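Sequential numbering from 1 along the given sequence is applied to the chain's residues. Atoms within each ligand, like the ligands themselves, are counted from 1 in listed order. Source: prediction; values computed, not measured.
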Amino acid sequence: MTASMGQKHEFNALPYSYDALEPHIDAKTVEIHYDKHHRGYFNNFIKASQGTEMESMSLEEIFSKISVYEDAIRNNAGGWFNHDLYWKMMIPGGSKQPSEKLLSAINETFGSVEKLMNELNNAAMKRLGSGWAWLIVTPSGKLQVTSTPNQDNPLMDITKERGTPILGIDVWEHAYYLKYQNLRKSYLDAFWKLINWDEVSKLYENTMKK
Ligand code: MN
């Protein structure tokens with residue numbers, strides 16, 4: 001099922017080709033991850049939200065009261081949004097470093113970019129089973145590393161540590177199993193070679209303006 005004309009919710013194109021992240025993330029993994037998993041979450045959300053108020057709501061609005069909806073909404077709206085963010089976190093070749101504003105916030109909170117990366121790796125490694133590691137901006141404008149299970153995210157009202165995600169790492173096995181099997185750490189090392197600091201910086205600065 002695809003979004004019809006004029007409908008609010010639409011499935012975004014992948015911002016690069018399936019093989020663009022080689023050799024760090026292989027083309028087959030990107031293809032299955034985007035075209036099967038990500039698209040599946042979108043299609044299932046559209047199905048579950050048909051004929052409801054959610055058809056005209058933004059995902060942010062839906063997440064802010066996710067506790068009132070059924071699990072199919074929580075899992076599929078979460079899966080759709082989280083992956084939209086995830087694809088933007090990477091860019092072929094990676095981008096060098098955070099913007100001046102983000103860099104100074106990172107240094108203030110974590111000490112250095114390397115220390116932030118270590119914290120995110122720890123959150124990703126400690127996540128038992130499937131889920132996500134996040135860098136969020138808290139409601140008071142502070143950076144924080146956190147993690148959620150399954151397809152939950154820090155915008156959801158059921159999440160303990162809430163905030164606006166500006167960096168998200170998918171640690172479901174479907175994100176790395178074909179190439180790295182059980183070696184989640186090798187996948188994290190690959191992810192950092194592709195990190196799109198320009199996008200993370202843009203999300204940080206937009207969030208701080210709100
Ligand atoms: Mn995934």
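Across all non-hydrogen atoms, the minimal contact from P154 to I136 is CG-CG2, 3.5 Å.
Less than 2.8 Å away from the Mn ion (ligand 1), the protein contributes these N/O/S atoms: H33 NE2, H83 NE2, D170 OD2, H174 NE2.
Looking at V113, L116, L167 one by one, the single match for side chain to side chain contact (heavy atoms under 4.5 Å, CB included) with P98 turns out to be V113.
Here E199 pairs with K88, M89, N196, K202, L203 under the side-chain contact (heavy atoms from CB on, under 4.5 Å) rule; sequence neighbours left out.
Counted by atom type alone, W80 and H9 present zero donor-acceptor pairs between their side chains at under 3.5 Å. Side-chain polar atoms of W134 and Q144 form no donor-acceptor pair below 3.5 angstrom.
Here W192 and H24 keep their ring centres 6.0 angstrom or further from each other.
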